[in-house]
Amino acid sequence: MPPTVAFLSAEMAPFAKTGGLGDVAAALPRYLHRAGHDVRPFLPWYGHLELPAAPRPVPFARDVPVRLGRWDFRFSLFETALPGEDLPVFLVSCPPLFGRREIYSARGDEHLRFALLTRAAVESCQRMGFAPRIFHANDWHTALLPLYLRTHYSWDRLFARTRTVLTLHNLAYQGVFPEWAVADLDLAPHAGLLHQEDLRAGRVSFLKTGLLHADAITAVSGTYAREILTPEHGFGLDGLLRARAGSLHGIANGIDTEIWSPERDALIPARYSAEDLSGKDLCRSHLLQSLGLLPRPKGPVLGMVTRLTAQKGIDLAAAVVPDLLAAADVRLVVLGGGDPGHVEFFRGLQRRFPGKAAFRTGRDEGLAHRIEAGADLFLMPSLFEPCGLNQMYSQRYGTPPVVRRTGGLADTVTHFDRRTGEGTGFVFDHPTAAGLEWALREALECWSDRRAWRRLQANGMAMDFSWERQAGRYAGLYASLS
Ligand code: ADP
């Protein structure tokens, strides 16, 4: 029997997603479920969720009290399913904490929100009589899980054989709160189990607590698992990670080819395959037209779909792309939201290059797919990238990525060599404008050699980034722990 799994995440596509975590938290449970695991994902019932059908209340899990320090909350558990799947998804309803339009909020109670999610998942397992062999937590939001199991629930024989896995999707977000939050988290009696230096410095970190207590830790690519052991990429956690290196595993994300495949993507105007790319040409003209850009450029259409944060190398793009737009008959299509300075920059670019540059902000799943399909080159010059999904999507869509050699980008994209015809994109090493400029120059030269370009596209489209294999690696890890 494959191990049973309770899977906790702050995001899960298509219900709640701000980035890759949402995609991964939907795909991994689904593929584990198909491989025969009893997987039960837990997600907050945020106020804005659009659900396919009314979720069903779970018996014995109604108005369950959870005390967090001086706060008394009650949650109720509801069951829904992923669209088109028989995988159950458990929604934790607690309107005072989750009944908001946003997934992450700035109201000062984030620690309570995600501590409640974590506690509610454990209490729900108790009420469902579900003894997971694996509790799988993701990122800082649910990283208190191993400690709660070790303290609040250590009495419960239901969890006697349970092991914990913590997956690191992005160390830049750690869930650090002032020390007074320890009481709110109901951890004051167990302060000895928290990171002592942090406490002395007047703070508590969800992620560090998870790193101290999880049975196994995974990072979302092999290169990222190595990089985070260094001060450059460890975000202050490298020492702790080095101490736990024996329990740290790199497992790259896969991509969900049922959702992200040009052969069957319902969100793009024409479907296509490596054998017949004519649909891609249609997607390209449709994309340009729908965004009011001039048709039929001689050069490539550059696409970006991204959170606008420093991590994504937006400053590098900002240093290079304007000159390229001025000098060459190319187009730029950007979809992204986040940092107001970056939003302003792209708005300015759109004004300065009418007909050549288009920028859309806000979440738009359909446009994200249409850019993957309609662009010729996908820009992802990230300063660091734990795994990254868009570079894998873009290879599948025949849209070679331009990436920096870091984290998952280094593991999933190889630089195209026109001599040997091998490679799937353009990879630069140094996080500088000169590095990106070099990669774009390589890309433009290759673009003018149609045969080489076709070969490059075919190489990318033939890559296997399937979740089946990656979910199998998680299953192997689970089995080794239980
Ligand atoms: P990260 O998790 O750091 O944001 P990833 O590349 O792992 O980066 O995942 C990003 C995911 O979010 C992709 O599925 C991408 O298409 C999606 N995405 C990012 N911004 C938007 C947006 N504005 N609208 C729709 N999808 C977006």
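Looking at heavy atoms from C-beta onward, Pro262 lies in side-chain contact with Met461 at the 4.5 angstrom threshold. Residues Trp45 and Cys94 form no side-chain contact, since every pair of their non-hydrogen atoms from C-beta on lies 4.5 Å or further apart. Between Val182 and Leu199 the shortest side-chain heavy-atom distance falls below 4.5 Å. Side-chain contact between Leu212 and Leu193 is absent, with no heavy atoms from C-beta onward closer than 4.5 Å. Contact of the His342 side chain with the Lys312 side chain is not registered, since no non-hydrogen atoms from C-beta on lie closer than 4.5 Å. At a threshold of 4.5 Å between non-hydrogen side-chain atoms, the residues Trp453 and Pro400 count as touching. At least one side-chain heavy atom of Arg34 sits under 4.5 Å from a side-chain heavy atom of Glu85. Side-chain atoms of Leu367 and Arg360, non-hydrogen and from C-beta on, do get closer than 4.5 Å to each other.
When every heavy atom of Val305 is checked against every heavy atom of Phe378, the shortest pair comes out as N-CZ, 3.5 Å. Taking each heavy atom of Leu91 and Pro44 in turn, the nearest pair found is CD2-O, 4.3 Å. In plain terms, the two heavy atoms of Val24 and His169 that are nearest each other are CG1-CE1, 3.7 Å. In terms of heavy-atom proximity, Thr399 sits nearest to Ala373 at OG1-O, 4.5 Å. Considering every non-hydrogen atom in both Leu116 and Val92, the closest pair reads CD2-CG1, 4.3 Å. For the residue pair Leu166 and Ala214, the shortest heavy atom distance occurs at CB-CB, 3.8 Å.
Listed by first then second residue, pairs satisfying ring-ring contact (aromatic ring centres under 6.0 Å, His included) with a partner in residues 388-418 read Trp260-Tyr393, His415-Phe426, His415-Trp438, not counting sequence neighbours.
For Arg469 and Ser466, the side-chain atoms include no donor-acceptor pair closer than 3.5 Å. A donor-acceptor contact under 3.5 angstrom links the side chains of Thr164 and Asp215, judged on distance only. Using a 3.5 Å distance cut-off with no hydrogens or angles, the side chains of Gln311 and Ser382 do not pair a donor with an acceptor. Residues Tyr46 and Glu11 bring no donor and acceptor atom of their side chains to less than 3.5 Å of each other.
Only one option out of Leu149, Leu147, Thr142 pairs with Thr118 in a side chain to side chain contact (heavy atoms under 4.5 Å, CB included); it is Thr142. When each of His233, Glu227, Glu385 is checked for a side chain to side chain donor-acceptor pair (under 3.5 Å) with Thr406, only Glu227 meets the rule. Residue Leu302 is tested with Ile371, Leu324, Leu325 for a side chain to side chain contact (heavy atoms under 4.5 Å, CB included); the sole match is Leu324. Each of Val403, Thr424, Val427, Asp411 was evaluated against Gln391; a single residue qualifies, Val403, per the side chain to side chain contact (heavy atoms under 4.5 Å, CB included) test.
Of the possible donor and acceptor atoms, none in the side chain of Arg347 sits under 3.5 Å from a partner among the backbone N and O of Phe359. When atom types are taken as modelled, the side chain of Asp315 and the backbone of Ala310 share no donor-acceptor pair closer than 3.5 angstrom. Side chain of Gln457 to backbone of Gly398: a donor-acceptor contact under 3.5 angstrom is found. At distances below 3.5 Å, at least one donor-acceptor pair connects side-chain atoms of Arg244 with backbone N or O atoms of Leu211. With hydrogens and angles disregarded, no donor-acceptor distance shorter than 3.5 Å links the side chain of His249 to the backbone of Thr218. No donor-acceptor pair under 3.5 Å is formed between the side chain of Thr306 and the backbone N or O of Gly336. Not a single donor-acceptor pair under 3.5 Å links the side chain of Arg203 to the backbone N or O of Phe177. With Glu372 contributing its side chain and Ala368 its backbone, the two residues share no donor-acceptor pair below 3.5 Å. Distance alone, capped at 3.5 Å, places no donor-acceptor pair between the Thr223 side chain and the Gly408 backbone. Under a 3.5 Å cut-off, the side chain of Asn459 and the backbone N or O of Gly423 do form a donor-acceptor pair.
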Open item on the list: Working note: Leu237 + Lys208, criterion side chain to side chain contact (heavy atoms under 4.5 Å, CB included); need CA distance, chi angles, decisive distance, verdict.
Closed with: CA-CA 7 Å; Leu237 301 179; Lys208 244 184 222 176; 3.4 Å; yes

- [ ] Show your working on side chain to side chain donor-acceptor pair (under 3.5 Å) between Thr414 and Glu422 and close with a plain yes or no.
- [x] CA-CA 8 Å; Thr414 45; Glu422 276 167 25; over 6 Å; no

TODO: Test side chain to side chain contact (heavy atoms under 4.5 Å, CB included) on Asp339 and Thr309 and set out the steps.
DONE: CA-CA 6 Å; Asp339 179 81; Thr309 65; 5.8 Å; no

TODO: For the pair Asn138 and Ser9, evaluate side chain to side chain donor-acceptor pair (under 3.5 Å) and give the outcome as yes or no after the intermediate values.
DONE: CA-CA 6 Å; Asn138 289 280; Ser9 174; 4.9 Å; no

Open item on the list: Run the side chain to side chain contact (heavy atoms under 4.5 Å, CB included) test on Asn253 and Phe465 for me, step by step, so that the C-alpha distance in whole Å, both residues' side-chain angles and the decisive distance to 0.1 Å come before the verdict.
Closed with: CA-CA 8 Å; Asn253 293 329; Phe465 297 119; over 6 Å; no

- [ ] Show the numbers, then the answer: is there a salt bridge (Lys or Arg N to Asp or Glu O under 4.0 Å) between Asp109 and Arg107?
- [x] CA-CA 6 Å; Asp109 59 358; Arg107 288 200 212 166; 6.0 Å; no

- [ ] Dump the intermediate steps for side chain to side chain contact (heavy atoms under 4.5 Å, CB included) on Phe114 and Leu144, then the final yes or no.
- [x] CA-CA 9 Å; Phe114 293 110; Leu144 293 183; over 6 Å; no

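Classification of the Tyr478-Tyr474 ring pair by plane angle, with boundaries at 30° and 60°, yields tilted. Between Trp467 and Tyr31, the angle of the ring planes stays under 30°, which puts this pair in the parallel group of the 30/60° scheme.
For an aromatic pair to be called close, the ring centres must be under 6.0 Å apart, and Phe384 with Phe235 satisfies this.
Around the NE2 atom of His48, the shell of radius 6.0 Å holds more than 12 heavy atoms that belong to other residues, nucleotides or ligands. The environment of CH2 in Trp71 is sparse: at most 12 heavy-atom neighbours from other residues, nucleotides or ligands sit within 6.0 Å. Residue Glu258 qualifies as enclosed at atom CD: its count of foreign heavy atoms under 6.0 Å is above 12.
Both tests hold for Arg40 against Phe130: distance to the six-membered ring centre under 6.0 Å, angle to the ring axis within 45°.
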